[in-house]
Every structure is written in structure tokens, then in C-alpha cells.
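Every chain is numbered from 1, with letters handed out A, B, ... down the list of sequences.
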Protein chains: 2
Amino acid sequence: MNNKNAVERIEYELTTFIRRAVYIDNSENKIGNLERASYLILRQLDEFGPARVKKLAESFKLDISTLSRQAGALEGKGLIERSSDPSDGRVSLFTITELGREKLKADKKTRLARYQKMLETWTNEEKELFGELLERMNDVF
Amino acid sequence: MNNKNAVERIEYELTTFIRRAVYIDNSENKIGNLERASYLILRQLDEFGPARVKKLAESFKLDISTLSRQAGALEGKGLIERSSDPSDGRVSLFTITELGREKLKADKKTRLARYQKMLETWTNEEKELFGELLERMNDVF
DNA sequence: ATTATATATTTGTATTATACAAGCATATAG
DNA sequence: CTATATGCTTGTATAATACAAATATATAAT
């Protein structure tokens, strides 16, 4: 039963956390749209290199049409760049631009600062452990 | 720098987790609408007792009008019940119904099962520690 | 080679969640 | 007893999304 209680607590806290995080995302994204999606797209392209629409859609488990529009919006803002795959004319490959990298960096900084502050009373050990546990959870999610 | 790395990892993993969790929520909520919101509302009413629209809106950091509609929908499904505050005729107090409790229980079961499975290889100690850390994080969030 | 089928993406349309503003009912203050 | 404040609901606009249709290109079958 202790196990159940622990899992219950985890479920409770994660659910609570998600609600708040989504709120923060939404409230900060008042300026224009997309902020929420764009961070993830930029991060993905920065980390794993150029990707096409289908790939991005799969990464985020969103419909291809949705990613098509989001990528189009990011392209319009000059944060990512479209190039065609020489071996397949149907495919658009998206690459993060220098501007996109800057924006990603700035966004990340803001987000990190928030977490930094949230966890300022934690010891390094605790933070490391927490990160490890989160990573393990995501690996099987 | 180690500290920064740990926080970076936490930020990365939590962001990833949120994306996936929101996806799951959305995909399960195809049936009708509201599942996402309703779980939280029911949980809130079950845990803290009757509440009025304004209170619920504050809890979830959503606009009052949004909560008004969500509560209306839950009321329509018989999951919560409206009563007026005898001391103030403007206020509607919402209470979870027996049916609502059953639905909450069922939803919770599904969610717990998912977490249970996700964490099945963890030791009890790890689960407990993880829950504790999550709670601490939420407390300052 | 020519046509049929499959795949990648974009664009059209509908739905849902949400916020903000206006309206309505009820309280409270002057 | 009127004026103002409060609580909620309803009207309207916007954004994110999915699904379906359209378009372009590639691959397979004859």
C-alpha cells in the first residue's frame, strides 16, 4: 500500500504541476501565438538537426497539418529555414537559423531561471537525483 | 556548472514530460470535451469540498467565464451539483455528486495505472523520494 | 512509357478551450 | 431608494488542433 501511496502522490503532484506549467505557457504566449510550440520545435531542430514536417509531427504527436502551420509560422519569423530534400522533391527540410538559435537560447534562459529559482533551496545532490528520476520516467513514458 | 546542468536536465525532462502528458490528455478527451478540465475540477471538489465558480477559476488560473462553462458542462452530466449560497444569492456553490465521485475514482484509477506501470521498475524508496521532490517543487511553484 | 497508386505537404473547414467584454441578478453603501 | 460593487452567465473573437480535400512528387504495374 505504501507503494500505491507513493504513486498516488506522484500522480497528484505531476498533474498539479502540468496544470500550472500549461498556465504559465499560455499566459506568456499572449504575444502572437506559437510560443508554446515553437520552443519545442526549435529545441528539436537544434538538438537533432534538420527535420521534415512528418518527423516533427511524430516527435510531438501532433497532426502533420498542425506542424505544417507551426513550421510555416516559424519560417515566416525567420527562426527556421526550409530547404528541399534533393532526393525527394516532396519533402521540406527545416533547419534552425541563427536567429532561431538566439531565440531558443533566450527562451531557455528564461525557463532555466524559473526552475533555478524554484529549486534554489535544493542541494545539488537533490537536483541531480531529481533530474535522473525524471529522465528515467520519461524514458519509459 | 554542475548545478546548472542539473537544472537544465530538470527543465528539459519536465518540458518533455508536459508535452507528452498534454498529448495523452488530449487524445483521451476525444469523447465529448472537457475530460482534461473535469478531472481537476472533480478532484478539487472532492478534496476541498464545495466551491464557487470564482474559487475554481482561481485554483486553476483560468478565467471565470471558462470555469462557468466547464462547471455548467459537468453539471449537465450530473457529475457536480449546483446549490445556492443561502447567505448570498449571487453565488452558486458546486458540490461533487455520487456519480462524480465514481467518475473521479475511475479516472484516477486509469491515471494511477499508467503511472504505476511507468514506474514499475522503481524501488519504493525511489518512488517516495520522487514524490517528495515533486511536492517540494510544487510548493514553491 | 503511361497510368495507377502511394507519400509528403499544404490548405479548407470544423471543433474546442480559452479570454475579454457585455449583460443580468443580487448585495452593499450612500 | 438609488448608485455602485460583486458573482456569474452569455456573446464574441482568437488560437490550437484534427480531419478531410487538394496538390505535388515518387514509385509500381502493366
Whole angstrom value for the distance that separates [atom2] of [N] from [atom1] of [X]:
X	N	atom1	atom2	result
B:Leu93	D:dT9	CG	P	11 Å
B:Glu75	D:dT9	CD	C1'	12 Å
A:Phe60	D:dA16	CZ	P	15 Å
A:Leu74	D:dA16	CG	P	11 Å
B:Gln70	D:dT9	CD	P	12 Å
A:Asp88	C:dA6	CG	P	17 Å
A:Asp25	D:dA15	CG	P	17 Å
A:Asp85	D:dA26	CG	P	9 Å

Reading DNA chain D from 5' onward, which residue's closest nucleotide shows up sooner: A:Leu62 or A:Gly89?
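This one resolves to A:Leu62.
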When you get a sec, tell me which of [options] is the closest nucleotide to the side chain of [X]?
X	options	answer
B:Asp63	D:dT9, C:dT11, C:dC20	C:dC20
A:Arg69	D:dA26, C:dT18, D:dA18	D:dA18
B:Arg82	D:dA26, D:dT9, D:dC8	D:dT9
A:Ile64	C:dA8, C:dA19, C:dT10	C:dT10
A:Val53	D:dT25, C:dT10, D:dA18	C:dT10

So, does the side chain of A:Arg90 form a donor-acceptor pair with the base of C:dT9 at under 3.5 Å?
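Per atom types, no contact qualifies.
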Using only heavy-atom distances, decide whether a donor-acceptor pair under 3.5 angstrom links the side-chain of B:Ser65 to the base of D:dC8.
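There is none.
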Decide salt bridge (charged side-chain N to carboxylate O under 4.0 Å, His left out) for B:Glu128 and A:Arg9; before the verdict, give the C-alpha distance in whole Å, the side-chain angles of both, and the deciding distance to 0.1 Å.
CA-CA 8 Å; B:Glu128 274 160 27; A:Arg9 172 146 79 155; over 6 Å; no
Would you mind checking if [Y] and [X] are paired as a salt bridge, meaning a charged N to carboxylate O distance below 4.0 Å?
X	Y	result
B:Arg101	B:Glu98	yes
B:Glu11	A:Arg114	no
B:Asp25	A:Arg19	no

Looking at every heavy atom in both B:Leu42 and B:Ile80, which two are closest together, and how far apart are they?
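Closest approach of B:Leu42 to B:Ile80, heavy atoms only: CD2-CG2, 3.6 Å.
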With a 4.0 Å cutoff (strictly under), does any side-chain N or O of B:Ser68 reach OP1 or OP2 of D:dC8?
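It does not, given that no N or O in the side chain of B:Ser68 lies less than 4.0 Å from OP1 or OP2 of D:dC8.
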For A:Arg52 and A:Tyr23, take the nucleotide of DNA chain C holding the closest heavy atom to each; which residue's nucleotide lies nearer the 5' end?
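The residue whose closest nucleotide sits nearer the 5' end is A:Arg52.
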